Number of protein chains: 2
Amino acid sequence: MSVTDIVGEDRRLLLMGRWLPDAHGRLARAALELYSERGFEQTTALEIAERAGVTERTFFRYFADKREVLFQGSQELQRIILEAIAQTPADVRPVDAVIAAIDTVGGLVFDRAHSVRRATIIAANPALQERELLKFSTLTASVAGALRERGVAEPSATLAAETGVTVFKIGFERWITGTPSEDWAECIRDTVRQLRDVTPSLIVSQV
Amino acid sequence: MSVTDIVGEDRRLLLMGRWLPDAHGRLARAALELYSERGFEQTTALEIAERAGVTERTFFRYFADKREVLFQGSQELQRIILEAIAQTPADVRPVDAVIAAIDTVGGLVFDRAHSVRRATIIAANPALQERELLKFSTLTASVAGALRERGVAEPSATLAAETGVTVFKIGFERWITGTPSEDWAECIRDTVRQLRDVTPSLIVSQV
DNA sequence: CACAGCATGTCAGTGACAGACATCGTGGGG
DNA sequence: CCCCACGATGTCTGTCACTGACATGCTGTG
């Protein structure tokens, strides 16, 4: 039995017999590239792994599933928003606290080019849209939780959270699709302005 | 070669050699039962098919995927809401038109016991929640489209749609979890009342 | 120098789907 | 009355996402 029999065809231990560092990063980059090049569905986990120089199994050790690669940041985003809400003075109204928090995450978290690339991939695939929606829903739920911590009662907490996240979604959409020069705070403020005009009347018309 | 060799073990052609009718209905019922009994993930498509007396392949001819069984009605719901919006007088404000439409679908579409059963199944599984979210998102998009038909400009149309669908979601949630006697219109009206208190201020506080 | 531990590879398996083709009653046209 | 196109289904085979169990090889530590 020769050395090559023992080592096999394994070309992955390059750095003086040690694993290449940052498998996670290489996988994320490889996935992004392939999703862009040929689309999400047309990309197999095996292909991603090969481009990253690891096995399929390793891909699934880093990412719960194929889609998760694109949603790494959302946990971080949520953490920041929650923290911002917690730090807002107690006398600020719930919705305003949420919107102020959203306002702060702007330049902080995203790089516009990356966001556009990501949004393009997601827009092309329903399964990815579902996952995005789930992230928003999770965010809404935890924002509502944060408001309850501040003493806001229940239907209002969820309503305010839902409203705030809607502002985020639409503001974000605008930030992505609009002129590159327009900044985050601007998009959010404009969306809020528009929102103020859609308050429903109390009387539901009977059809 | 005997008759049984030709017919094989096929016990499915029962009605005088013809297929049993309503394969679709049998599949839907079988799926509902199994999802309730042992949960969504613990149920395989094969098991559903067997209980319905057909093959796995036939299941996938009727339903795009395992989840779709639970979301049959949403297309009908959307159709009704859109129609109601179209029939609302042109001078009614966008949000009010949406909410009025939502108000009308109440007793019409759902049977409460069935809704509760369905909601229980969905609540127990993230993959199903994703699908539900996608349906809401689709609904929002088409409601926004209907408002645009009425001449509502773009950021407002989506905002109003999003607001209306939020009222639907939260009102529905309340209708499901609250006391069985409380009726649909009641839930919607109360939710609207609460919503009116969460209008954001114009000035976003700078943190 | 032995040994525990971590990051990875290897192998085998399950289950969701999809394409291609075969089968068998049914209903209409000759 | 027969033939044939058709519709609903079964059968077979394949691909791919994901998972559990186990093996391997380096690395730092006592």
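Keep in mind that what you see is a predicted model, and the values were worked out from it rather than measured. Every chain is numbered from 1, with letters handed out A, B, ... down the list of sequences.
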Participant: Using whole Å, report how far CD of Gln42(B) lies from P of dT14(C).
Facilitator: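 My rounded result for the distance is 16 Å.
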Participant: Quick one: ring-ring contact (aromatic ring centres under 6.0 Å, His included) pairs with a partner in residues 25-58 of chain A, sequence neighbours left out?
Facilitator: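 Applying ring-ring contact (aromatic ring centres under 6.0 Å, His included) to every pair that reaches into residues 25-58 of chain A, excluding sequence neighbours, yields Tyr35(A)-Phe40(A).
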Participant: Roughly how far apart are Phe60(A) CZ and Ile48(A) CD1, rounded to 0.5 Å?
Facilitator: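 So the CZ of Phe60(A) and the CD1 of Ile48(A) are separated by 8.0 Å.
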Participant: Can a side chain N or O of Thr55(B) be found less than 4.0 Å away from OP1 or OP2 on dT11(D)?
Facilitator: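 Answer is no, no contact under 4.0 Å.
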Participant: Would you call Arg29(A) and Asp22(A) a salt bridge, using N to O less than 4.0 angstrom?
Facilitator: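 Here Arg29(A) pairs with Asp22(A) in a salt bridge, since their nearest N and O are under 4.0 Å apart.
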Participant: Rounded to the nearest Å, what distance is computed from the CD atom of residue Glu50(B) to the P atom of nucleotide dG10(D)?
Facilitator: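 Result: 12 Å.
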Participant: Rounded to the nearest angstrom, tell me the gap between atom CZ in Phe63(B) and atom P in dA8(D).
Facilitator: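 One finds 15 Å between P of dA8(D) and CZ of Phe63(B), rounded.
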Participant: State whether the distance check finds a donor on one side and an acceptor on the other, under 3.5 Å, for side chain Arg61(B) versus base dG7(D).
Facilitator: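 Under the 3.5 Å cut-off, the side chain and the base do not form any donor-acceptor pair.
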Participant: Can you tell me the distance, in whole Å, between the CG atom of Asp22(B) and the C1' atom of dA8(D)?
Facilitator: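 So the CG-C1' distance, Asp22(B) to dA8(D), works out to 14 Å.
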Participant: Could you tell me whether Arg79(B) and Glu76(B) make a salt bridge, using a distance below 4.0 angstrom between a side-chain N and a carboxylate O?
Facilitator: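 A salt bridge links Arg79(B) with Glu76(B).
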Participant: Nearest whole Å is fine: how far is dG7(D) C1' from Leu20(B) CG?
Facilitator: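 Between C1' of dG7(D) and CG of Leu20(B): 17 Å.
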Participant: Taking the side chain of Arg57(A) as heavy atoms from C-beta outward, which of dT19(D), dT8(C), dG10(D) is closest to it?
Facilitator: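 Within the option list, the nearest is dT19(D).
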Participant: Whether Lys135(B) and Glu132(B) form a salt bridge (side-chain N of Lys/Arg under 4.0 Å from carboxylate O of Asp/Glu) is what I want to check.
Facilitator: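 Salt bridge between Glu132(B) and Lys135(B), a charged N being under 4.0 Å from a carboxylate O: no.
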Participant: If you measure from OG1 on Thr163(B) to CG on Leu159(B), what distance do you get to the nearest 0.5 Å?
Facilitator: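 With rounding to 0.5 Å, OG1 (Thr163(B)) is 5.5 Å from CG (Leu159(B)).
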Participant: Please write out each protein N/O paired with an N/O of nucleotides 14-18 of chain D under 3.5 Å, distance rounded to 0.1 Å.
Facilitator:
unit_1	atom_1	unit_2	atom_2	d
dA17(D)	OP1	Thr43(A)	O	3.4
dA17(D)	OP1	Lys66(A)	NZ	3.2
dA17(D)	OP2	Ala45(A)	N	3.2
dC18(D)	OP2	Lys66(A)	N	2.8

Participant: Establish, with yes or no, whether the OP1 or OP2 oxygen of dT8(C) is under 4.0 angstrom from a side-chain nitrogen or oxygen of Tyr62(A).
Facilitator: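 Result: yes.
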Participant: Check the distance between dA18(C)'s P and Glu68(B)'s CD and give it to me in whole angstrom.
Facilitator: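 Computing the Glu68(B):CD to dA18(C):P distance gives 12 Å.
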